[in-house]
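Here is the naming used below: chain letters follow the sequence lines, and residue numbers restart at 1 for every chain.
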There are 2 protein chains.
Amino acid sequence: MSTVLAENDDLSGAEKVFAFFRDALVDGSLKPGERLLGERELSLRLGVSRPVLREALRSLSMLGFLDIRHGKGAYVRQADINVLSDFFTFSLAQQPDILDDVMQARIAIECQAIRLACERATETDLKHIGSRLTQLMDTLHDPMDGGAADFAFHQAIVEASRSEALVTLYGAIGELLRRSHVQRREVTVSEPGIVDYLVEAHREVFLSIVERDADAADRKLRDHFAIGDEFRRRSLISAFTRRPQT
Amino acid sequence: MSTVLAENDDLSGAEKVFAFFRDALVDGSLKPGERLLGERELSLRLGVSRPVLREALRSLSMLGFLDIRHGKGAYVRQADINVLSDFFTFSLAQQPDILDDVMQARIAIECQAIRLACERATETDLKHIGSRLTQLMDTLHDPMDGGAADFAFHQAIVEASRSEALVTLYGAIGELLRRSHVQRREVTVSEPGIVDYLVEAHREVFLSIVERDADAADRKLRDHFAIGDEFRRRSLISAFTRRPQT
DNA sequence: GGCCTTACAGTGGTCTGACCACTGATTCCC
DNA sequence: GGGAATCAGTGGTCAGACCACTGTAAGGCC
């Protein structure tokens with residue numbers, strides 16, 4: 001790699017360039033914030049044409065590792081989770097019926113996150129979660145806002161875990177969850193007792209964190225998910241019972 | 001979108017094309033296995049030049065959604081998790097010290113997976129996990145093989161959960177875990193009692209699944225992780241106590 | 001006739017060189 | 001001195017050509 005990239009045949013040009021940058025990123029010779037040379041200069045150095053170089057740069061940019069700004073240049077960027085979220089969104093979209101299964105991942109992440117939150121949450125974190133709870137109670141009537149508030153509450157818990165990895169993974173399935181939250185609310189909003197239940201369940205979860213009782217918090221959260229499933233099932237049954245033609 | 005892509009200004013050409021394909025993939029109008037039109041034809045239809053089209057295609061290919069074969073054409077592909085794994089590997093590589101944090105994600109996924117495994121595991125799954133356990137016992141002496149066997153055992157549990165989403169996420173952090181397994185074994189292999197402990201802990205976990213006791217399995221797994229941490233801590237302490245110069 | 005070889009058409013891969021569009025700084029004019 | 005015009009540098013796009021690979025169909029050989 002010292003000279004440029006020279007060897008590494010059997011790889012096509014663009015892939016060589018791509019691999020070159022990947023390695024440079026991994027081994028730290030390219031740091032976030034750094035500016036790359038111009039495309040013309042770079043293509044000369046790497047021994048490929050500008051279009052080929054651009055293919056590689058564009059790919060890296062799509063993956064979130066480069067920030068390319070018209071008229072300014074290309075900058076190395078700390079990859080963020082938006083790409084991951086995109087990826088999951090249309091990777092999992094290819095497999096229908098996966099949405100229910102994503103719920104399993106959600107339970108996994110949140111239950112571990114809430115345990116960590118019980119240990120690590122700061123006062124600020126608790127306040128944050130609390131304010132989301134208030135918001136949730138204020139939007140119970142509206143599927144759209146209510147779903148968003150619900151999601152925000154759970155997200156605040158995950159953030160309170162102070163675990164980058166958990167937050168990252170949660171962000172990755174976040175877009176899918178956000179949609180499903182709204183959908184679920186639309187289905188269950190008319191179910192009797194749902195409003196009272198929602199408030200109570202979320203408050204209990206919140207209180208467990210405040211009391212820093214990890215086992216209890218985990219249990220309450222699992223119960224919350226299980227009962228949510230139950231509500232949805234009941235609501236679907238009644239929907240099909242009341243108007244089987246629709 | 002009916003005509004081609006027409007509107008959607010403010011996006012650069014390649015991004016328009018990229019978005020076009022992403023949408024087509026998400027809404028199912030492009031199915032895995034399908035063959036795209038040739039680059040020349042496609043660039044005409046989409047109203048962009050071939051290089052620009054290629055930038056988008058290459059990006060999609062890097063993301064794993066296209067399989068481009070020289071001389072044959074571009075085929076839609078079901079995205080697999082290798083891309084994700086790659087992504088995590090060098091996204092998280094940018095943040096040192098994240099490896100410990102990945103452990104949190106691991107605990108999250110495995111603890112939920114083992115609960116599901118208790119409900120869903122087939123006889124074949126159980127046999128599979130069992131054989132991995134045997135393999136683990138046969139390779140206790142070797143950090144390399146032992147680490148691999150350890151990882152394989154845990155992976156078998158996740159697979160027994162029969163949850164695509166969990167398996168996918170686990171695969172995403174798999175490469176990082178695999179490395180850390182070997183590293184951990186190297187650190188703790190000389191710790192007194194570690195061998196007996198490893199066998200016992202894994203066997204108890206396995207038995208809990210066989211007995212289909214979800215709560216117990218979850219607890220045993222958490223204990224296993226906690227005790228593993230303890231062993232590593234102890235081993236680090238003694239290493240620095242015995243030979244502070246090294 | 002059957003098999004192997006060759007030629008060809010179609011496809012992705014690469015290159016060149018040009019021009020456009022945006023950005024930021026410099027310069028010029030008021 | 002402040003604002004506007006200019007300009008160099010950069011990414012964005014394009015057209016057209018040629019190379020390399022693949023599969024097939026035509027041709028020739030046995």
Undergrad: From the set D:dT22, D:dA15, D:dG11, return the single nucleotide nearest to any side-chain atom of A:R50.
TA: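 Out of D:dT22, D:dA15, D:dG11, the nucleotide with an atom closest to A:R50's side chain is D:dG11.
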Undergrad: Considering only side-chain heavy atoms of B:I68, which listed nucleotide, D:dG12, C:dG13, D:dC14, is closest?
TA: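 Of all the options, the side chain of B:I68 is nearest to C:dG13.
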Undergrad: Does the plane of the ring in A:H154 sit parallel, tilted or perpendicular to the ring in A:H224? Use 30° and 60° as the thresholds.
TA: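 Ring orientation, 0 to 90° scale: parallel.
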Undergrad: Please confirm whether the shortest side-chain N or O distance from B:R69 to OP1 or OP2 of D:dA20 is below 4.0 Å.
TA: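 No, B:R69 has no side-chain N/O under 4.0 Å of OP1/OP2 on D:dA20.
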Undergrad: Tell me which nucleotide among C:dG13, D:dG12, D:dG23 gets nearest to the side chain of A:R54.
TA: D:dG12
Undergrad: Round to the nearest Å and state the distance from B:F18 atom CZ to D:dT13 atom P.
TA: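 Distance check: B:F18 CZ to D:dT13 P gives 15 Å.
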Undergrad: Measure CD/B:E55 against P/C:dG12 and give the value in whole Å, please.
TA: 16 Å
Undergrad: B:Q104: which residues meet the side-chain hydrogen bond (donor to acceptor under 3.5 Å, both in side chains) condition with it, sequence neighbours left out?
TA: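 Here the qualifying residues are A:Q112.
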Undergrad: Nearest to the side chain of A:S49, heavy atoms from C-beta on, is which of C:dT16, C:dG12, C:dC22?
TA: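 Per side-chain heavy atoms of A:S49, the pick is C:dT16.
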Undergrad: Can you measure A:M62 atom CE to D:dG11 atom P for me and round it to whole angstrom units?
TA: 16 Å
Undergrad: Atom CG of B:L44 to atom C1' of D:dT13: distance rounded to whole Å?
TA: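 Roughly 15 Å, once rounded to whole Å.
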Undergrad: Taking all non-hydrogen atoms of both residues into account, name the closest pair between B:V76 and B:L66 and its distance.
TA: CA-CD2, 3.9 Å
Undergrad: With sequence neighbours excluded, what pairs up with A:D138 under the side-chain hydrogen bond (donor to acceptor under 3.5 Å, both in side chains) test?
TA: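 In terms of side-chain hydrogen bond (donor to acceptor under 3.5 Å, both in side chains), with neighbours along the sequence ignored, A:D138 is linked to no residue.
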Undergrad: What residues, two or more places apart in sequence or in another chain, satisfy salt bridge (Lys or Arg N to Asp or Glu O under 4.0 Å) together with B:R35?
TA: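 Here no residue qualifies.
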Undergrad: Tell me, please, which residues at least two apart from B:E159 pass side-chain hydrogen bond (donor to acceptor under 3.5 Å, both in side chains).
TA: none
Undergrad: Hey, could you give me each pair passing salt bridge (charged side-chain N to carboxylate O under 4.0 Å, His left out) that has a residue in residues 117-132 of chain A? Not counting sequence neighbours.
TA: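 As it turns out, the salt bridge (charged side-chain N to carboxylate O under 4.0 Å, His left out) pairs with a partner in residues 117-132 of chain A, which skip direct neighbours, are A:D125-A:R162.
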Undergrad: What parts of residues 33-40 of chain A reach DNA chain D, counting only heavy atoms under 4.0 Å away?
TA: A:R35, A:L37, A:G38, A:E39, A:R40
Undergrad: Tell me which of A:G71 and A:P51 sits closer to the 5' end of DNA chain D, going by the nucleotide each one is nearest to.
TA: A:G71
Undergrad: Tell me the interatomic distance from A:L66, atom CG, to D:dT10, atom P, rounded to whole angstroms.
TA: 16 Å
Undergrad: Quick one: which of D:dG12, D:dG23, C:dG12 gets closest to the side chain of B:H70?
TA: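 Side chain of B:H70 sits closest to C:dG12.
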Undergrad: A:L53 has an atom CG; how far is it from atom C1' of D:dT13, in whole Å?
TA: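 The distance from CG of A:L53 to C1' of D:dT13 comes to 15 Å, rounded to the nearest Å.
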Undergrad: So, does A:K72 get its side chain near the phosphate of C:dG24, meaning an N or O under 4.0 Å from OP1 or OP2?
TA: yes
